Amino acid sequence: MGGSDESYYGKHGTPQKYDPTFRGPIYDRGCTDVLCCVLLLLAVLGYVAVGIVAWTHGDPRKALYATDSRGRFCGQPGTETASKPLLFYFDITACASPLTLLQLHCPTTQICVSECPNRFLTLLGASADPPSMEYYRQFCAPELGTTSKPPLVLLKEKLCPSMLIPSTPLVRRCLPALSSRGGVLTVGNATSYEDGSGQLRNVSELLQGARSANAVLEGRQLAMRIFEDYTVSWYWIVIGLVIAMAASLLFIVLLRFVAGAVLGAALLLLVVVLGYGIFHCYSEYAALRGQPGSDLSVTELGLQSDLRVYLHLRHTWLAFMIILSVVELLVILLLIFLRKRILIAIALIKEAGRAVGHVMSALLFPLCTFFLLCLCIAYWASTALFLSTSNEAVYKVFNETECPLAGQTCNPETFNTSDAAAQCPGARCLFAFYGGESSFHRSLTALQFFNLFMLFWLANFAIALGQVTLAGAFASYYWAFKKPHDIPAFPLFSSFGRALRYHTGSLAFGSLILAIVQIIRVILEYLDHRLKGAENKVAKLLLGCLKCCFWCLEKFLKFLNRNAYIMIAVYGTNFCTSARNAFSLLMRNIIRVVVLDKVTDFLLFLGKLLIVGGVGVLAFFFFTHRIKLVEDTAPTLNYYWVPILTVLVGSYLIAHGFLSVFGMCVDTLFLCFCEDLERNDGSPERPYCVPPPLSALLLRGTPRPSHI
């Protein structure tokens, strides 16, 4: 090869030679990476075995229901506690004991009750009043039954609490109904309570035992309001998602015929919208000048359940204005310096629209990938739930004072007659947690790790199957010399069949490599979480560098796998050969790859934003009652951003599903063009397969090698 050829091709691999019989994806191919196919099959069988073992030993009721001191589930249908869904603590202040942090359990008797106490009452006071005692008995241990014992005996045998405090149910547990009035902490409109021994105690002593009550209450209120918003707006949310689907289909049709006008209008609209956003943010920022409290920072205000509060801060609008200004500047610079590449990218997208028009079934194929991903996630979630509830009930000795046997396992049936009860008179044998000492219980962490790894592997395999199927279909379109007459019948189904029949092993190989990197990233995130409280800055720096490196490695592998799958779809080679050939081909066309590919991705992303933005603006005006024609039809909401955000996220997923087909089509056409450029020279004997409308732009300035 001459010097001009060497400078043209570079030193990255050997270009493909002219083959008069080559007409696109090769049909005469064999199975590739069979070993990885067998490995995937064995892993799936093992995964099924893990699921069966988990479903045999697991009990999701342990996660759904609260558990009393005897390990019984509160509120479980078909049991004696079916009518008692709430967990009641005999002494909530005991939960503030330092032993709670060491033993991971509140050292007080816990029983299932049907309702939480609604009044202050002591055992001594209730024993003198039969109606009060009848009410009090529902908060005593079930072992008491209908027998009558003196109050002191009930307290000694831990059968009844010494006092009742007005409580409210939070996450199926009765916690003190704490409130603040005029800055004073109260419970049941009182600032003090009698502890059952005749002493008055301040309500603030309850706060430590139920420290998370306020945070849980705020979260519960927020969740309930969001749920209420969904119940009255779900119908309109579905309509918004249908509109997003229709808009996505319309956008694809427009790309087929007037891609230049649509994307040009989208770019112009993006600049205008960003400019208006900057103006609006500045107007709000200026309008809040001098308003009381508007100069507070977000950190000073803290976390608020009503997010509209932050819109009354000048710092919020200033941050929005700065972000939008930076984005506006970047977009304008891209339009100025990459205008020629943008024209080429628009032409490539328009040709992708023609390809999709001839393979319309490709638009529905993402539903197959979505179904497989949902299946993987559902199996992983159910297996993880059953594994996490596969432990047995473990009972331990708990004592509020020093006890040498505290923390040891015990049997609640024989505890009162055991040596532990004699050595520690105040100790109790209570349910601690679910665990076990068998080999199965010791391996639960490893099984959960395997469960997560298989999720990554199978999810990546489903995505890879979709990519190689679409690549094979669109490669059939590109290499058809006379379009659409030379396009084979049912190209999508043919490509799907070839992928499953011949290349399951190659897809398993590529997805396995990616899954290994992803599981390493999970381990690094876990280590980073564990080291948050550490002061070893060197370890933190090293961990941060590793996280960054593996993030970059994952992105590179996704890019390489995507192009390797295109080569697999076309030539039927194994994964390593396809990855090497794809990488070499891209390196020989590095200028086109870096500029054209990324510009195309940006334009497709802009199309997603156009769809999402249009549907989002319509949802905003509808749910905020700003459309007079349907002003009375829009539902009244606690937070109007709940349905709007749902519509935005759903619209983006829908637009991404449709335009991801376009993205794969563009990548396939681009890689096939690079191959076409090396196989052929444009002469009548060796004409290019690139369509004429696209060849004028893509071949402009392309050097012609002396021979190939």
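Just so we're clear, the structure is a prediction, and the values are computed from it rather than from any experiment.
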For Y565 and A471, work out which heavy atoms get closest and say how close. O-CB, 4.5 Å
Would you say the ring centroid of W55 lies under 6.0 angstrom from that of Y379? yes
Roughly how far, to the nearest 0.5 Å, is CG of L40 from CG of L458? 6.5 Å
Which is it for R173 and L86 under the side-chain contact (heavy atoms from CB on, under 4.5 Å) test, yes or no, and what are the steps along the way? CA-CA 5 Å; R173 287 160 175 80; L86 304 175; over 6 Å; no
Near F450 CZ, under 6.0 Å, is it more than 12 heavy atoms from other residues, nucleotides or ligands? yes
T577 (side chain) donor-acceptor with N574 (main chain) under 3.5 angstrom: no
Say you draw a straight line from OG of S443 to CD of Q448; how long is it, rounded to the nearest 0.5 Å? 10.5 Å
Would you say F453 has more than 12 foreign heavy atoms packed within less than 6.0 Å of its CZ? yes
Partner set under ring-ring contact (aromatic ring centres under 6.0 Å, His included) for F575, not counting sequence neighbours: F509
Minimum side-chain heavy-atom gap M454-W457 below 4.5 Å: yes
Can you find a pair of side-chain heavy atoms, one from V113 and one from L87, that are under 4.5 Å apart? no
Establish, from distance only, whether the side-chain atoms of N581 and S578 form a donor-acceptor pair under 3.5 Å. no
Between Y230 and T646, do the side chains contain a donor N or O and an acceptor N or O under 3.5 Å apart? yes
Test log, rule side-chain contact (heavy atoms from CB on, under 4.5 Å), inputs R562 and M664: CA-CA 9 Å; R562 186 182 179 91; M664 197 66 202; 3.6 Å; yes
Please report the C-alpha distance between H57 and F386 in whole Å, then the side-chain angles of each, then the deciding distance to 0.1 Å, and finally whether the side-chain contact (heavy atoms from CB on, under 4.5 Å) criterion is met. CA-CA 7 Å; H57 292 81; F386 277 88; over 6 Å; no
Compare the SG-SG distance of C174 and C116 against 2.5 Å and report whether it is shorter. yes
Heavy-atom closest pair, residues W380 and Y47: CA-OH, 3.5 Å
About how many Å separate NE2 of H656 and OG of S651, when rounded to the nearest 0.5 Å? 14.0 Å
State, to 0.1 Å, how close A462 and L372 come at their nearest heavy-atom pair, and which atoms those are. CB-CB, 3.8 Å
Given H503, which partner from the list T32, D33, T573 fulfils the side chain to side chain donor-acceptor pair (under 3.5 Å) test? T32
Give, for atom CD1 of I519 and atom CG of L452, the distance between the pair rounded to the nearest 0.5 Å. 4.0 Å
Flag side-chain contact, heavy atom, 4.5 Å: N451 against L455: no
Tightest non-hydrogen contact, residues L560 and A579, listed as CD1-O, 3.8 Å
Working note: F90 + I111, criterion side-chain contact (heavy atoms from CB on, under 4.5 Å); need CA distance, chi angles, decisive distance, verdict. CA-CA 8 Å; F90 270 25; I111 63 171; 3.9 Å; yes
Between S233 (side chain only) and P643 (backbone N and O only), is there a donor and an acceptor less than 3.5 Å apart? no
pair N563-F559: side-chain heavy atoms closer than 4.5 Å: yes
A side-chain contact here means heavy atoms from C-beta on lying under 4.5 Å apart; do C31 and V34 qualify? yes
Below 4.5 Å, heavy atoms only, C-beta onward: do T668 and L470 meet side chain to side chain? no
Can you see whether Q467 engages D667 through a side-chain donor-acceptor pair at a distance of less than 3.5 angstrom? no
Roughly how far, to the nearest 0.5 Å, is the CD1 atom of I513 from the CG atom of L553? 10.0 Å
To the closest 0.5 Å, what do you measure between NZ (K540) and NZ (K547)? 11.0 Å
Determine whether Y89 and T109 make a side-chain contact, defined as any pair of heavy atoms from C-beta on separated by less than 4.5 Å. no
Closest contact, heavy atoms only, A619 versus I644: O-CG1, 4.0 Å
With a 4.5 Å limit on heavy-atom distance, are the side chains of L586 and L671 in contact? yes
Between L465 and T469, the two heavy atoms sitting closest are O-OG1, 2.7 Å
